[in-house]
Amino acid sequence: KEPGFVVLVDAGDQADALRNALTELKTKWIDRGKQVRTETIRDVEFSALMFAPSDLEETLEEVFPNQTAPGEEGSGGSAPGDAKVEWFVGQSDSLLLCGNMREDLEKILVRRAGGALPSLADEALFNAAQAGQFREALSYGWVNLQGILAGLEADWAQDTVVQETE
């Protein structure tokens, strides 16, 4: 299972501007010939944006030109076996939700509606970081590297078993 990511941004009193920006994003996405589909998660409409990872590289190169290291070259387009990636982008009231795992977004919407699911505040590692570092921050990000490393270790262990049986 690939790691999930979620980005949440509260637009506050700019909810209408956010709605217009998301509509414009979807229109531009379609105009560029990219795949998009509409999916509803807990009565919230999401645009599922589908693209190849190399497309993201090209976009980042347009936004941040000449950022490649010396001797390093970009991929120059989609590779034939480039698997599609899907990101969900939607809005609930003034909250912008963006993520790559439908299940994670659904959990956020359930929690937002008052559902009894554990929240990030229930995570001891997050609480320790939040209390010491993020208390008065305007914005912050947090990554649970222990979860990522545990997944990588499981993958490596499985690869080792497969190699030993060959």
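Heads up: numbering here begins at 1 and tracks the sequence.
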Heavy-atom side-chain contact between F88 and R102 under 4.5 Å: yes
Joint cluster assignment, W87 & L8, ILVMFWY side-chain distance < 4.5 Å: no
Separation between CG of L109 and CG of D104, rounded to the nearest 0.5 Å: 11.0 Å
Shortest non-hydrogen separation from E86 to A48 and the atoms involved: OE2-CB, 3.6 Å
CA sep, side-chain torsions, deciding dist, call: E39, R37, salt bridge (Lys or Arg N to Asp or Glu O under 4.0 Å): CA-CA 6 Å; E39 185 162 331; R37 65 183 171 79; 2.4 Å; yes
Non-hydrogen atoms of V36 and S47 that approach each other most closely: CG2-CB, 4.0 Å
Same cluster (ILVMFWY, side-chain, under 4.5 Å), F51 and L22: yes
Closest approach of A11 to L18 (non-hydrogen atoms, all atoms of both residues): CB-CD2, 4.0 Å
Test log, rule side chain to side chain contact (heavy atoms under 4.5 Å, CB included), inputs T38 and F46: CA-CA 6 Å; T38 301; F46 283 83; over 6 Å; no
Distance in Å, I41 CD1 paired with I108 CD1, rounded so as to fall on 0.5 Å steps: 10.0 Å
Interatomic spacing from NZ in K34 to NZ in K84 - rounded to 0.5 Å: 6.5 Å
Qualifying residues under salt bridge (charged side-chain N to carboxylate O under 4.0 Å, His left out), relative to R111, sequence neighbours excluded: none
Side-chain donor or acceptor of N100 paired with backbone N/O of F5 under 3.5 Å: yes
Stepwise salt bridge (Lys or Arg N to Asp or Glu O under 4.0 Å) test for E103 and K107: CA-CA 6 Å; E103 300 82 16; K107 287 177 186 176; over 6 Å; no
Hphob cluster co-occupancy, V9 + V6, side-chain heavy atoms under 4.5 angstrom: no
Atom CG of D43 with >12 non-hydrogen neighbours under 6.0 angstrom: no
Sidechain-backbone polar pair: W29 side chain, L49 backbone, donor-acceptor under 3.5 Å: no
Which side-chain N or O atoms in residues 89-98 pair as donor and acceptor under 3.5 Å with protein atoms at least two apart or in another chain?
from, atom 1, to, atom 2, distance (Å)
Q91, OE1, R19, N, 3.2
Q91, NE2, A15, O, 3.0
Q91, NE2, D93, O, 2.8
S92, OG, R112, NE, 3.1
D93, OD2, R112, NH2, 3.4
S94, OG, D10, OD1, 2.6

